[in-house]
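For reference, the structure is listed below as structure tokens.
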Number of protein chains: 4
Amino acid sequence: MALRKKAGEPADGGGRHAAGEDPSKRTQILDGAKRVFSRTGFDGASMNDITREAGVSKGTVYVYFSSKEDLFGAMVEREREVLLGDVIALLEGPEPTDERLTRYARRLVTLLCSDEVVRWVQVLIGTSAKMPELGAKFYEGGGQKGWRKLREFLDREVEAGRLAIPDTGLAAHQFAVLATAGLWRRRLFAHLAEPPDAALVEKTVASAVQVFLAAYGR
Amino acid sequence: MALRKKAGEPADGGGRHAAGEDPSKRTQILDGAKRVFSRTGFDGASMNDITREAGVSKGTVYVYFSSKEDLFGAMVEREREVLLGDVIALLEGPEPTDERLTRYARRLVTLLCSDEVVRWVQVLIGTSAKMPELGAKFYEGGGQKGWRKLREFLDREVEAGRLAIPDTGLAAHQFAVLATAGLWRRRLFAHLAEPPDAALVEKTVASAVQVFLAAYGR
Amino acid sequence: MALRKKAGEPADGGGRHAAGEDPSKRTQILDGAKRVFSRTGFDGASMNDITREAGVSKGTVYVYFSSKEDLFGAMVEREREVLLGDVIALLEGPEPTDERLTRYARRLVTLLCSDEVVRWVQVLIGTSAKMPELGAKFYEGGGQKGWRKLREFLDREVEAGRLAIPDTGLAAHQFAVLATAGLWRRRLFAHLAEPPDAALVEKTVASAVQVFLAAYGR
Amino acid sequence: MALRKKAGEPADGGGRHAAGEDPSKRTQILDGAKRVFSRTGFDGASMNDITREAGVSKGTVYVYFSSKEDLFGAMVEREREVLLGDVIALLEGPEPTDERLTRYARRLVTLLCSDEVVRWVQVLIGTSAKMPELGAKFYEGGGQKGWRKLREFLDREVEAGRLAIPDTGLAAHQFAVLATAGLWRRRLFAHLAEPPDAALVEKTVASAVQVFLAAYGR
DNA sequence: CATGAATGAGATTTCATTCAT
DNA sequence: TATGAATGAAATCTCATTCAT
């Protein structure tokens, strides 16, 4: 299923649209593309499926996006911010640090191991070889942003004297991976067919907080 | 002019085989397939490319493998054990626990973040949605096996009174993810274009061991 | 330089059609398919040949027909009614029964033994093993229909007191096979390379009528 | 499934075999070929299937037969005499003419409408377009031979004063087709999925004899 | 002479993309 | 601008035939 043309310069696709283009039509196309790409991956999706799902004609898609790759990129661009959403907000509050970390981790694991996110990440990682900048961009908007927020939170906690962390950037990574401790990895490889149940999540999260605080708590 | 025999080693190379299927030819095909799949992923690879890369004819591939999926599966089967190799051996030795853990983690990170393994894992995760049993099998032979060995190691250390771990299975996962703390994840998304340099590895590994021992050391 | 539009009649040719599928294009494909299938049979025909003969691209064929079998079936469906045409009409008229039977038989033999019909029947019989429903359907539209009409004619003649037939259904079959008496069979096996000449037809037909009336005349 | 080479001059295949060739091996191959061709037709049969069914290797087949067509031809050559076998013998005997005709016709219909013969004839007719000489040759050995014998029988009956037939050649054809009266034709088109049951055969045969004798009896 | 692994042209079918309407 | 019929390159897979052993 090799691509016919290496897609020279994406004509438009990026964002700003020429005179006469209908932004709602663009949204409509992206919505259809999202559903189809998520179901079948990049190579598995046919432009036919996408036009059918979006309810527009083939020609119209090519008015808004110069190629399949361009469309895929635009969709990633639009979606990447949405996935992690407001998880960060859970870190804030008057509760003790461990409680807030637990709350945050619980939500993070549940989200990352959900069918939707796993599917999405599989698709993105699968295309990272062909379109590396896309994977990177996606990570920027997803994991990277979350990491930055978490680091800032840790900085504040350190400043407040509630944690003692020499390298909060590294610690933020550590907490994130401790939270999923193998669950996410196994989900990506389909070694876990279903999202982990609440008990497993709870056990993993509790241990993650405990290990983290054993190292960085006061 | 057909290239009837382009193969480096002409004859057999191994020895006895029942009906005639030449194992060296099989190996030759799998080698070619490995290179092509690794470059382009499952969907992106064409059987034409593979035959060209392997130096055999199209028909020959189908003598040894009944379909593209079959070929892909056979290749995964062959490769999955090789990747992690003897990392586990580094856990053994007379040295103190932290030293052995550091040695192990250093190697694990270097391996997991290597271009080859990252590429490989990207391909596998990319196909895990379509062929879940293959991803799972790969994980069984790779991560799962490593995890089991690590858990057994931790069990022995606990028994020896050098560590205090309530759940060694969970702890094994935790150590593994702490070792790569975000590096592997970023590599998968091509957010890190190159393998991490030695200093970054060292810093990450050292911190991983420190955190782990802070939680589970005596 | 692609031959984007090679079609003789460019536009439509027919009139209203719901979604856009061009009936003239469909006809064009069926015409090409008919020629190729008739030359080489089902298995011997390649879709490439058909597209070339029809003057359309490969993809276009698959827009109108979902598979080679589908195309073949559609063509049989279209042709089966045409072959026997208005032979039946020859049975009607004010002339004496024997004259009408002779006229009918003469035309039937000529038609059945014509190159076109023989070729067609060979193809259909050749595929009847693999696609029985198609052969049956063809026979329904061809021989079966003719047989029914002939039986009805005989019924009327019996009712009119001009013939005495205990089983008109069986008699209809008998008259039809008497008319071709071995000629059709030999044509099918290519034992007769050419259609029988007029004299042979006349002799066969005359004898058929004579035998038939000897048995069922009054 | 077009043939690669138009099969220049069949090297051997015809009959006489070069020094060193094993006639029993030739028979073995033909037996396998007969089974496979009869199941799938000419185009549908693969040389692989045939070698497997015959229990010989590919190379061996090509020692005895120069091509797939050659093999098919040789098999038809061998089989064509066998099918109709000793039906003719049923015409002889001390019984009255009508009884002998009935006995003969009964057997003829049963044989011609049997699954095996129908399948065989379908295959032959299906290939008659591509290989006309084969169909003709087959008919020579089958129908034609039967027809000759029947004509000779009629000649004798005429000579004996038991029948009055101006053209025994034509009459032989007429009796043969009256005997199957549509049954065979419908079987060839798969319009009759099963061989006709005994009652139907009996009715058809009885009527055939009656019609025939009404025209040609004394 | 017998074997069957290997060949590679060619089969059917799909699909990203174009362009006349 | 929107449409979707048409394109044709390329995909996977088959198979008659050859030839080194």
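Each chain gets a letter, A, B and so on, in the order the sequences are listed, and its residues count up from 1. When reading the values below, keep in mind they use all heavy atoms of this one structure, side chains included, and skip hydrogens, waters and symmetry mates.
At least one donor-acceptor pair closer than 3.5 Å links the side chain of B:K68 to the backbone N or O of B:A45.
Distance, D:R26 CZ to E:dC1 P: 15 Å, rounded to whole Å.
Rounded to the nearest 0.5 Å, atoms CD1 (B:I125) and CZ (B:F138) are 9.0 Å apart. A:T40 contributes atom OG1, which lies 7.5 Å from atom CZ of A:R119 (distance to the nearest 0.5 angstrom).
For C:K58, the side-chain atoms get nearest to F:dA10 when compared with the rest of F:dT3, F:dA10, F:dT17. You'll find that the side chain of D:S46 is closest to F:dA16, out of E:dT7, F:dA16, E:dC15. Candidate nucleotides E:dA6, E:dT12, F:dT14 were compared by shortest atom distance to the side chain of B:Y64, and E:dA6 ranks first. Out of E:dT13, F:dC15, F:dT12, the shortest distance to the side chain of C:M47 is found at E:dT13.
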query: Could you go step by step and tell me if C:D43 and C:K130 meet the salt bridge (charged side-chain N to carboxylate O under 4.0 Å, His left out) rule?
result: CA-CA 11 Å; C:D43 286 307; C:K130 270 190 188 172; 3.1 Å; yes
Side chain to side chain contact (heavy atoms under 4.5 Å, CB included) evaluation trace for C:F72 with C:V123: CA-CA 11 Å; C:F72 186 72; C:V123 170; 3.9 Å; yes
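A:R78 pairs by the salt bridge (Lys or Arg N to Asp or Glu O under 4.0 Å) definition with A:D31, not counting sequence neighbours. Evaluation of the salt bridge (Lys or Arg N to Asp or Glu O under 4.0 Å) rule for A:K34 yields A:E79 as partners, not counting sequence neighbours.
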message: Dot-bracket, 5' to 3', for DNA chain E please: Watson-Crick or G-U pairs under 3.5 Å, [ ] where pairs cross earlier ones, | where the partner sits on another strand, dots elsewhere.
response: .||||||||||||||||||||
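Mapping B:V61 and D:V56 onto DNA chain E via the closest heavy atom, the residue that lands nearer the 5' end is D:V56. Nucleotides of DNA chain F nearest to C:S57 and B:S66 differ in position, and the one nearer the 5' end is that of C:S57. Nearest-nucleotide mapping onto DNA chain F: of C:G59 and B:E69, the residue sitting toward the 5' end is C:G59.
Listed pair C:Y62 / E:dT14 fails the phosphate criterion, with no side-chain N or O lying under 4.0 Å from OP1 or OP2. In terms of phosphate contacts, C:T60 brings no side-chain nitrogen or oxygen within less than 4.0 Å of OP1 or OP2 of F:dA5.
Here D:T51 lies out of heavy-atom contact (under 4.0 Å) with every strand.
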